[in-house]
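Below is one structure, written out as structure tokens; the observations come after it.
Small disclaimer: the values here were computed from a predicted structure and weren't measured. Throughout, a chain's letter reflects where its sequence line sits, starting with A, and its residues are numbered from 1.
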Number of protein chains: 2
Amino acid sequence: MRLSNPRDVGYYVRDQRREQGMTQSDLCAAAEVSRRWLSDLESGKQTAEIGLVFKVLHALRLTLVANPTTYGPDDLDLDEYLRRFDHNDAGDADHA
Amino acid sequence: MRLSNPRDVGYYVRDQRREQGMTQSDLCAAAEVSRRWLSDLESGKQTAEIGLVFKVLHALRLTLVANPTTYGPDDLDLDEYLRRFDHNDAGDADHA
DNA sequence: GCCATTTGCGCGCGTACATGCACATGGACG
DNA sequence: CGTCCATGTGCATGTACGCGCGCAAATGGC
């Protein structure tokens, strides 16, 4: 999952937390941050402290990898792509 | 390049900046952050603002990718491994 | 619908962050 | 050697961050 900005980070953290069946209370305890802050982080807080972000990522057993930005087939995360596709279909169904 | 903590981030940013032939002044201007802050970031500042970190990463044309932490051959970055090996050899040479 | 749980967010507090300035230091170069 | 450049870091300032509390709104299960 590519993360381009704090918003991406926050949404991804929320997704992963839910996938792992955790509440914010569970995760903030595991990461040793305040629930208030975690809520903000998940909403895309621009000014979050990076050290705390890493604590959350570790609590979720997530790893960050940095790479030179490239544009091509390697950038295509198939699961992500299909998920986006399915989401768009669901959106169309709602509007139809 | 795996980034586990702000220290990793800072050192990686410094490495990449140098590889790209930039000074801190060049990079802080490109990223629109203070040079003072960039210097701290490169030293591993725990409390840096994540939004600003992303600005620096973008200025260096770097991308972050988040993955579940796994342990196995996939985690083996060969360049990184060799660099660590070389570094250890250099370390041994110093101590010998 | 009811109820319990979860989440968003206002608020105040003590601490500190990003900034810009300036200076010291180390390294490169002529 | 002297000069220049890049970098580390002390300092002061205005702004705000992480925390904890508490309450309202949202969500999910029955």
Side-chain angles (χ1 to χ4, degrees), chain A residues 1 3-62 64 66 83 86-87 90-91 93-95, chain B residues 1 3-62 64 66 83 87 90-91 93-94:
Chain A
M1 177 66 186
L3 307 176
S4 296
N5 54 59
R7 194 185 194 94
D8 287 347
V9 175
Y11 287 3
Y12 185 65
V13 163
R14 178 176 288 163
D15 286 348
Q16 290 294 310
R17 173 173 64 77
R18 285 170 174 168
E19 282 200 22
Q20 296 182 28
M22 299 172 85
T23 61
Q24 288 184 343
S25 293
D26 295 334
L27 181 54
C28 77
E32 294 180 321
V33 298
S34 72
R35 192 189 66 78
R36 179 70 172 81
W37 180 85
L38 178 59
S39 181
D40 286 346
L41 174 69
E42 293 189 349
S43 299
K45 187 175 173 62
Q46 303 284 322
T47 54
E49 184 179 306
I50 190 172
L52 297 184
V53 174
F54 272 111
K55 291 176 77 171
V56 170
L57 292 176
H58 292 161
L60 287 169
R61 294 194 165 82
L62 297 172
L64 284 189
R83 183 181 300 172
D86 289 341
H87 183 70
D94 282 345
H95 285 81
Chain B
M1 175 66 183
L3 307 176
S4 297
N5 53 59
R7 194 184 194 93
D8 288 348
V9 174
Y11 288 4
Y12 186 65
V13 164
R14 179 178 287 166
D15 287 348
Q16 289 295 308
R17 173 174 65 77
R18 286 172 172 166
E19 284 199 18
Q20 296 183 28
M22 297 172 87
T23 62
Q24 287 184 345
S25 293
D26 293 336
L27 181 53
C28 77
E32 295 180 320
V33 297
S34 71
R35 191 189 66 78
R36 179 71 173 79
W37 179 86
L38 178 59
S39 182
D40 285 345
L41 174 70
E42 291 190 351
S43 298
K45 186 175 173 65
Q46 303 284 321
T47 53
E49 183 179 308
I50 190 172
L52 296 185
V53 174
F54 271 111
K55 290 175 80 172
V56 169
L57 292 175
H58 291 161
L60 287 169
R61 292 194 165 87
L62 297 172
L64 285 188
R83 182 180 303 171
H87 184 69
D94 283 345

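- Minimum heavy-atom separation, R14(A) to S43(A): NH2-OG, 3.7 Å.
- Residues from residues 45-58 of chain A with heavy atoms under 4.0 angstrom of DNA chain D, sorted by number: K45(A), T47(A), A48(A), E49(A), L52(A).
- Counting only heavy atoms from C-beta outward, the side chains of L64(B) and L3(B) approach each other to under 4.5 Å.
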Taking N or O atoms only and anything under 3.5 Å, show me the protein contacts with nucleotides 28-30 of chain C, one pair per line.
none

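- Counting heavy atoms from C-beta on, the side chains of V13(B) and L27(B) come closer than 4.5 Å.
- When the C1' atoms of four end pairs are superposed on the next four at each end of the helix from dG1(C)-dC30(D) to dG30(C)-dC1(D), using five pairs per end, the two resulting axes differ in direction by 70°, to 10°.
- Residues H58(A) and S4(B) form a side-chain contact, since some pair of their non-hydrogen atoms from C-beta on lies under 4.5 Å apart.
- Across every non-hydrogen atom of A66(B) and Y12(A), the tightest pair is CB-CE2, 3.3 Å.
- Between L60(A) and the options Q20(A), K55(A), E19(A), a side-chain contact (heavy atoms from CB on, under 4.5 Å) holds for only Q20(A).
- Distance CG (L41(B)) to C1' (dT19(C)): 15 Å, rounded to an integer number of Å.
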Chi angles and distances behind the side-chain contact (heavy atoms from CB on, under 4.5 Å) call for I50(A), L41(B): CA-CA 10 Å; I50(A) 190 172; L41(B) 174 70; 5.6 Å; no
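- In terms of the salt bridge (Lys or Arg N to Asp or Glu O under 4.0 Å) criterion, R7(A) has no residue partners (sequence neighbours excluded).
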Step-by-step side-chain contact (heavy atoms from CB on, under 4.5 Å) determination, D8(B) to F54(A): CA-CA 11 Å; D8(B) 288 348; F54(A) 272 111; over 6 Å; no
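- Of all heavy-atom pairs between A30(A) and M22(A), the closest is CB-CE, 4.4 Å.
- In this structure the side chain of L57(A) never reaches within 4.5 angstrom of the side chain of Q16(A), judged on heavy atoms.
- With a heavy-atom cut-off of 4.0 Å to chain A, the contacted part of DNA chain D has its first and last nucleotide at dC17(D) to dG22(D).
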Listed pairs, N/O of protein and of nucleotides 3-13 of chain C, under 3.5 Å:
from	atom 1	to	atom 2	distance (Å)
dT7(C)	OP1	R17(A)	NH1	2.7
dT7(C)	OP1	R17(A)	NH2	3.3
dT7(C)	OP2	Q24(A)	N	2.7
dG8(C)	OP1	R14(A)	NH2	2.7
dG8(C)	OP2	Q24(A)	NE2	2.6
dG8(C)	OP2	S39(A)	OG	2.8
dG8(C)	N7	R35(A)	NH1	3.4
dG8(C)	O6	R35(A)	NH2	2.9
dC9(C)	N4	R35(A)	NH2	3.2
dG10(C)	N7	R36(A)	NH2	3.0
dG10(C)	O6	R36(A)	NE	2.8

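- Side-chain contact check for K45(A) versus W37(A): some heavy-atom pair is nearer than 4.5 Å.
- Here the closest heavy-atom approach between residue P6(A) and residue G51(B) is recorded as CG-CA, 3.7 Å.
- Contact record, R35(B) with S25(B): CD-OG, 3.7 Å, taken as the closest heavy-atom pair.
- In this structure, C28(A) and L38(A) approach most closely via the heavy-atom pair N-CD2, 3.8 Å.
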